[in-house]
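What follows is a short report on a single structure.
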Amino acid sequence: MNMIFLGAPGAGKGTQAEVVCKELNIPAISTGNMLREAVKNSTEAGLKAKSYMDAGELVPDEVVIGILKDRIAQPDAQNGFILDGFPRTVQQAEALESMGVEIDKVIEIDVPDDAIIARMSGRRVCEGCGNSYHIQYKPTKVEGICDACGAKVVQRIDDKPETVLARLKTYHEKTAPLKDYYEKRGKLVTVKGQNEIAETSRLTLAAIKGE
Ligand code: ADP
Ligand code: ZN
């Protein structure tokens with residue numbers, strides 16, 4: 001099954017993607033994680049992406065689409081995948097279609113903006129493997145250390161309040177129209193995401209299984 005997880009920055013789509021990919025044994029493909037990795041390694045794509053990411057703007061399509069295309073061609077993605085953070089514009093959705101990628105379901109994790117703003121300051125990400133945490137809602141077992149790989153967890157540069165507002169604006173302008181796009185194609189399922197993480201996971205898995 002090929003799925004897209006859609007939602008505002010900080011809605012928890014990355015966290016839910018991690019849960020669901022373990023449950024269904026398919027990879028979660030996060031363009032944000034791949035881009036951060038590219039920036040860390042100063043690859044050509046990373047050098048192009050950095051200033052956009054730091055400003056909370058979208059990275060140009062030719063950079064992101066290239067990375068995504070390579071990733072979904074990998075052997076582990078042949079039995080299905082979860083796209084987390086892609087597509088983020090109607091043009092990217094059309095690019096996916098023209099690559100011949102069939103999407104079965106689009107899960108929208110819906111969280112009101114005020115809840116998102118309140119959550120963002122507690123968000124942390126692992127420098128090593130990219131796993132996401134929250135100091136209050138999803139803490140690491142040992143403070144500051146990733147449960148999965150033992151590397152340091154840090155705050156993202158783009159999680160500072162002014163950048164969060166820019167990312168929310170970008171989301172509403174560029175990404176939210178995808179709800180309509182996939183609704184019209186009969187693929188959209190909306191899950192309420194403002195409750196506890198475990199509750200959102202339960203709703204997400206139920207939505208995937210069509211319950
Ligand atoms: P979040 O969903 O929390 O905003 P992500 O980790 O998905 O964060 O993305 C971080 C940043 O990476 C975005 O603000 C954007 O600059 C860039 N990015 C990720 N995915 C895409 C995409 N599909 N198209 C353009 N830019 C992207
Ligand atoms: Zn880690």
Side-chain angles (χ1 to χ4, degrees), residues 4-18 28-40 45-72 82-96 99 101 106-111 113 115-117 119-134 138-142 144-178 193:
I4 293 169
F5 279 23
L6 194 65
K13 58 189 183 313
T15 301
Q16 296 307 331
E18 283 168 23
I29 297 178
S30 158
T31 43
N33 285 358
M34 287 190 284
L35 288 167
R36 276 186 288 281
E37 188 68 21
V39 169
K40 195 169 82 185
L47 294 173
K48 284 190 194 143
K50 186 176 187 327
S51 60
Y52 297 97
M53 294 177 75
D54 288 351
E57 288 164 16
L58 294 182
V59 172
D61 279 356
E62 67 269 19
V63 179
V64 186
I65 292 171
I67 290 183
L68 195 266
K69 213 171 181 172
D70 291 346
R71 181 63 187 86
I72 58 180
I82 298 169
L83 297 183
D84 160 21
F86 189 98
R88 252 182 161 89
T89 61
V90 169
Q91 294 90 294
Q92 289 182 5
E94 287 166 354
L96 206 53
M99 282 177 221
V101 175
V106 178
I107 308 287
E108 183 215 350
I109 306 204
D110 180 34
V111 177
D113 280 8
I116 289 199
I117 293 166
R119 270 184 196 182
M120 289 303 250
S121 62
R123 219 152 82 124
R124 298 291 182 273
V125 64
C126 171
E127 279 184 337
C129 69
N131 270 10
S132 54
Y133 296 95
H134 192 285
K138 192 193 171 196
T140 53
K141 293 199 179 86
V142 179
I145 301 294
C146 176
D147 295 351
C149 79
K152 235 176 31 175
V153 299
V154 296
Q155 184 164 38
R156 278 165 45 177
I157 302 174
D158 62 349
D159 275 353
K160 52 177 195 275
E162 52 287 20
T163 319
V164 168
L165 293 179
R167 286 160 62 205
L168 273 174
K169 187 162 176 278
T170 306
Y171 174 76
H172 288 296
E173 283 175 12
K174 308 259 172 73
T175 309
L178 285 174

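First listed ligand is number 1; within each ligand, the first listed atom is number 1.
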With a 4.5 Å cut-off on side-chain heavy atoms, are [Y] and [X] touching?
{"X": "T163", "Y": "I157", "value": "no"}
{"X": "I4", "Y": "L178", "value": "no"}
{"X": "L165", "Y": "E162", "value": "no"}
{"X": "N131", "Y": "T140", "value": "no"}
{"X": "H134", "Y": "T15", "value": "no"}
{"X": "K13", "Y": "I107", "value": "no"}

Identify the protein heavy atom lying closest to [atom], giving its residue, its atom name and the separation to 0.1 Å.
{"atom": "atom 20 (N) of ligand 1", "result": "T31 OG1, 2.8 Å"}
{"atom": "atom 8 (O) of ligand 1", "result": "R156 NH2, 3.2 Å"}
{"atom": "atom 4 (O) of ligand 1", "result": "R167 NH2, 2.8 Å"}
{"atom": "atom 26 (N) of ligand 1", "result": "V59 N, 3.0 Å"}
{"atom": "atom 15 (C) of ligand 1", "result": "E57 O, 3.5 Å"}
{"atom": "atom 19 (C) of ligand 1", "result": "R88 NH1, 3.4 Å"}

Which value, rounded to the nearest 0.5 Å, describes the distance between [X] atom [atom1] and [Y] atom [atom2]?
{"X": "N33", "Y": "R71", "atom1": "CG", "atom2": "CZ", "value": "11.0 Å"}
{"X": "C149", "Y": "E127", "atom1": "SG", "atom2": "CD", "value": "9.5 Å"}
{"X": "I116", "Y": "R123", "atom1": "CD1", "atom2": "CZ", "value": "9.0 Å"}

(request) Using heavy-atom distances, let me know which of K13, M53, M34 sits nearest atom 12 (O) of ligand 1. (result) M53
(message) Looking at non-hydrogen atoms alone, which of Q92, R36, Q91, K50 comes nearest to atom 24 (N) of ligand 1?
(response) Q92
(message) Is there a polar contact between ligand 1 and L58, counting only N or O atoms under 3.5 Å apart?
(response) no
With heavy-atom distances below 4.0 Å as the criterion, list the atoms of ligand 1 near [X].
{"X": "R123", "result": "3 (O)"}
{"X": "P9", "result": "1 (P), 2 (O), 3 (O), 4 (O)"}
{"X": "L35", "result": "12 (O), 17 (C), 18 (N), 19 (C), 27 (C)"}

(request) Give, rounded to 10 degrees, the angle between SG (C126) and SG (C149) as seen from the Zn ion (ligand 2). (result) 100°
(message) With rounding to 10 degrees, what does the angle C129:SG / the Zn ion (ligand 2) / C146:SG come to?
(response) 110°
(message) Tell me the contacting part of V64 for ligand 1: side chain, backbone, both, or neither, using a 4.0 Å heavy-atom threshold, strictly below.
(response) side chain
(message) With a 4.0 Å cut-off on N to O distance, would you call R167 and D159 a salt bridge?
(response) yes
